Amino acid sequence: MGLDIIVGIKWVPNTTSVNIDPKTGTLIREGIPSVVNPHDLTAVEMALRLKDKYGGTVTAISMAPPSAISGLEHVIGMGVDRGILASDRAFAGADTLATSYVLAKVIEKIEKYDLVIMGHETIDSSTAHIGAQVASWLKLPYIYYATDIEYEENKESIKVKRILENAYEIYRIKLPAVVSIAMHTFEPRRIKVSNKLKAKLENVIEIWTSKDLNLDINCAGLRGSPTVVSAIDFVPKVPRKNLIFQEKDPKKAAKWLIEKLLEEGLIDP
Amino acid sequence: MSSGRLCSEWEEINPDEYRGIWVYMQVDDGVINEASLQLLGQARKIADELETYAGAIFVGYKLKNLAKEPIYYGADKVFMVDDKRLEKYAPNLYGDVIYKLALKYKPESILIGGTMRGRELAPYIANNLRTGITADLTMIEVNKETRDIILIRPPFGAWMLAHIKTRDRKPVMGSVRPNVFPTPKRDETRKGEIIEEHIDELIDPNMELLEYIPIKKKEEIPIEKADIIVSGGKGLGTKDGFTILQELADLLGGVIAGSRKAVDAGWIPHEKQVGQTGKTVKPRVYIAVGISGAAQHVFGIREAKRVVAINIDPEAPIFENADYGIVGDYKEIVPALIEEIKKLKRSKKKS
Ligand SMILES: Cc1cc2nc3c(=O)[nH]c(=O)nc-3n(C[C@H](O)[C@H](O)[C@H](O)COP(=O)(O)OP(=O)(O)OC[C@H]3O[C@@H](n4cnc5c(N)ncnc54)[C@H](O)[C@@H]3O)c2cc1C
Ligand SMILES: Nc1ncnc2c1ncn2[C@@H]1O[C@H](COP(=O)(O)O)[C@@H](O)[C@H]1O
């Protein structure tokens, strides 16, 4: 009865000016407040809507250092039933292949699930890799950019509408499956304090280490990551004229600009 | 950093057996996607540097009439899997075919245009091959001695580029941002080889495309192809701000676009977002209105010939990245610009 859904969420630095340590090539996280990746909140919202409609459960999973518990608490506040944090020193330094490996192992251990939902991409790495990679590890069908999911209980499948650059597509997909949600599809619901309290009382967040998971440590973290950042360099600034009109008169400013653009043959009204 | 012990999920490979630079040919409605053609130029360049071949791969049905096209754009070999069973796209099905081709032919690198379909497909193939993949790369560097293919992408901050190296595994895979590389010249005199492949056992994708519904948009130039772009940011204050930007764009024969904050606010669709997580644009003139000029935004307008900034804050970083700047409220400046252009048009008509 209903759908047992797993949602992948990531706890990401909330800033537009995150920097990279030029020596190590890693993210400087100190002093930067984190949030749940906004596109994952969209994914959580989709999961909760499906639960509202068809019944079932929603479990949020994340691979991250222990601080990401706050992220799981946030989505539990939204109505997620259970949170699992895969956290282990051996998972550190993972690229997307190694991250998706651990997440796939977490999903395998959960065992009873119908649907895995992911966000469009994360705002700190923007790879949009994890959904497809998890599907590959688990040999599941998958689709990206979903805007609507309909459960066809009798067929053990879902109907998914998704958006591309210049088309919509509708797929029928056998469950279990992995679906990532197009960004901005929904406004995520607000947190309810009562949900959070319940979560605290019932200990719905678990931390799983490599010992809890049936995995090869050599496939996780830095060791399981074929890609490494071999260098960082600065994007050279594009030289610009930097001419600023100095008077505070919109009419004159407009005239000045149009003249400049005409002079250079850039516009042809 | 090689640790000696490799992941048990990685089948052992001999990197020296891997040769050839592949590009996946995305075909939409019987037409090769521009992003795929753009990559053929890069594949040609890398292949020449590494003294190997450039390959193109087709997966689908009724594609034979397209077979020679990649050769005209720079490929030496075309691998084609043309099969009725592949009439309908499914990412795992197509991904599995490319995976199997790669197992057989062992390419050194596979590049995939970073369209929405491409971004969906590429990581699945890479993962099946248990190799690394770089997303949305914007530059490629090759080291002839070590045969390293370094894929470069803008990470956090956008002023820094991350050089990504793939160790221990092959092929080196990446999805490539559309429109950062030029489409090579089509040359029908080029020669190459077409290899038709048949794959006996296809996976059951467990999914089926039921409907394909093209979005009928008004005939509009996509922002990545526009010559003139009037772009709006959070500073517009409301969605209505774009109405007046549209008017200016129409007068100049251009299109509107926006910053991420404008997209996040729902004022303009994501496909019109300029910047690191949006699109790279190359207009003659880019007019940034109420846009602060964050590094991630400016990254997308590096190729613009001239940048104009209209911003109320004289300290806004956009001015450092602009050729022409006007400090002021856009609600006054933009109507003045519209008036000025209308005046010009009128005088032109008279003469
Ligand atoms: C990983 C990552 C990727 C990102 N990718 C992108 C991307 O692809 N594209 C992108 O755009 N951003 C991107 N961003 C976000 C980026 O850092 C900025 O937050 C965003 O560009 C700011 O948008 P804005 O300039 O519209 O808004 P703001 O920074 O809020 O600026 C609004 C500007 O409007 C001006 N203004 C206010 N009122 C008026 C008025 N009446 N008239 C004129 N001017 C006025 C203000 O002075 C201000 O400068 C990314 C961030 C991260 C972390
Ligand atoms: N460390 C992680 N833990 C759980 N889910 C993740 C993690 N990283 C990414 N995801 C999920 O995968 C999606 C795509 O992420 P990315 O490939 O990093 O852009 C995100 O929106 C999340 O739903």
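Protein chains get the first letters and strands the later ones, always in sequence-line order, with residue 1 at the start of each. Both backbone and side-chain heavy atoms feed into the values below; hydrogens, waters and symmetry mates do not. Computed from a predicted model, the values in this text were never measured in an experiment.
- Neither the backbone nor the side chain of A:Lys252 comes within less than 4.5 Å of any heavy atom in chain B.
- Interface residue B:Leu209: backbone and side-chain heavy atoms are both found under 4.5 Å from chain A.
- The backbone N or O of A:Ser225 lies less than 3.5 Å from a partner atom in the side chain of B:Arg167, making a donor-acceptor pair.
- Of the two parts of B:Leu344, only the side chain, counted from C-beta on, holds a non-hydrogen atom closer than 4.5 Å to a non-hydrogen atom of chain A.
- Heavy atoms closer than 4.5 Å to chain A are found in both the backbone and the side chain of B:Tyr89.
- The shortest distance between side-chain heavy atoms of B:Asn321 and A:Lys237 falls below 4.5 Å.
- Contact annotation: the side chain of A:Arg162 never approaches that of B:Met116 to less than 4.5 Å [non-hydrogen atoms, C-beta and beyond].
- Of the atoms belonging to A:Leu261, it is side-chain heavy atoms, and not backbone ones, that fall under 4.5 Å from chain B.
- Put simply, the side chain of B:Asp323 gets close to the backbone of A:Lys241: a donor and an acceptor are under 3.5 Å apart.
- Annotation: side chain of A:Phe245 is not in contact with side chain of B:Ile333 (no heavy-atom distance under 4.5 Å).
- Within the model, atoms CD of B:Glu9 and CG of A:Leu215 stand 10.0 Å from one another, a figure rounded to the nearest 0.5 Å.
- Atoms CD1 and CZ, on B:Ile318 and A:Arg240 in that order, are 9.0 Å from each other to the nearest 0.5 Å.
- Using a 4.5 Å cut-off between heavy atoms, A:Glu247 does not touch chain B at all.
- For the options B:Ile326, B:Asp227, B:Val334, heavy-atom pairs under 4.5 Å to chain A are most numerous at B:Ile326.
- Contact of A:Trp256 with chain B is made through the side chain alone, with heavy-atom distances under 4.5 Å.
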Please walk me through it: do A:Asp268 and B:Lys348 pass side chain to side chain contact (heavy atoms under 4.5 Å, CB included)?
CA-CA 11 Å; A:Asp268 169 33; B:Lys348 214 173 162 189; 3.3 Å; yes
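- For chain A, the nearby part of B:Glu340 is the side chain; its heavy atoms alone come within less than 4.5 Å.
- Listed options B:Glu303, B:Glu339, B:Arg169, B:Arg153 were ranked by heavy-atom pairs under 4.5 angstrom with chain A; first place goes to B:Arg153.
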Pair A:Ile173, B:Asn206 - check side chain to side chain contact (heavy atoms under 4.5 Å, CB included), show working.
CA-CA 6 Å; A:Ile173 309 179; B:Asn206 279 317; 5.9 Å; no
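- Contact count versus chain A (heavy atoms, under 4.5 Å) is highest, among B:Asp329, B:Asp264, B:Leu251, for B:Asp264.
- Taking the side chain as every heavy atom from C-beta outward, B:Pro91 and A:Ile143 approach each other to under 4.5 Å.
- Between the CD1 atom of A:Ile258 and the NZ atom of B:Lys343 there is a distance of 10.5 Å, given to the nearest 0.5 Å.
- Of the possible polar contacts, one joining the A:Asn242 side chain to the B:Glu320 backbone as a donor-acceptor pair under 3.5 Å is found.
- Using a 4.5 Å cut-off between heavy atoms, A:Leu257 contacts chain B through its side chain alone, with no backbone atom that close.
- Here the side chains of B:Val263 and A:Met183 are not in contact, with every heavy-atom distance at 4.5 Å or above.
- Heavy atoms closer than 4.5 Å to chain A are found nowhere in B:Asp136, neither backbone nor side chain.
- Highest contact tally toward chain A, considering only B:Lys345, B:Lys342, B:Arg302, B:His270, is held by B:Arg302 [criterion: heavy-atom pairs under 4.5 Å].
- Looking at A:His184, the atoms closer than 4.5 Å to chain B (heavy atoms on both sides) all sit in the side chain, from C-beta outward.
- Looking at B:Thr131, only its backbone comes within 4.5 Å of chain A, counting heavy atoms on both sides.
- Under the 4.5 Å side-chain criterion, counting only non-hydrogen atoms from C-beta, B:Ile215 is in contact with A:Ile163.
- Counting heavy atoms from C-beta outward, B:Asn127 and A:Ser100 have side chains that approach closer than 4.5 Å.
- With hydrogens and angles ignored, the 3.5 Å screen pairs a side-chain donor or acceptor of B:Glu120 with a backbone N or O of A:Tyr144.
- With respect to chain A, the highest number of heavy-atom pairs below 4.5 Å among B:Ile228, B:Val285, B:Ile152 belongs to B:Val285.
- Residue B:Ala304 touches chain A through both its backbone and its side chain, counting heavy-atom pairs closer than 4.5 Å.
- Within the 4.5 angstrom heavy-atom criterion, only side-chain atoms of A:Tyr145, from C-beta onward, approach chain B.
- Of the listed residues B:Ile133, B:Leu121, B:Thr115, the one with more heavy-atom pairs under 4.5 angstrom with chain A than any other is B:Ile133.
- The side-chain heavy atoms of A:Ile123 and B:Arg260, taken from C-beta on, include a pair separated by under 4.5 Å.
- Looking at A:Ile158, neither its backbone nor its side chain comes within 4.5 Å of chain B, counting heavy atoms on both sides.
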Begin with the C-alpha distance, continue with both residues' side-chain angles, and end with the deciding distance and a verdict on side chain to side chain contact (heavy atoms under 4.5 Å, CB included) for B:Ile150 and A:Ser230.
CA-CA 8 Å; B:Ile150 307 283; A:Ser230 62; 4.0 Å; yes
Verify side chain to side chain contact (heavy atoms under 4.5 Å, CB included) between A:Trp137 and B:Arg130, making sure each step is shown before the conclusion.
CA-CA 10 Å; A:Trp137 286 112; B:Arg130 307 289 189 253; 3.3 Å; yes
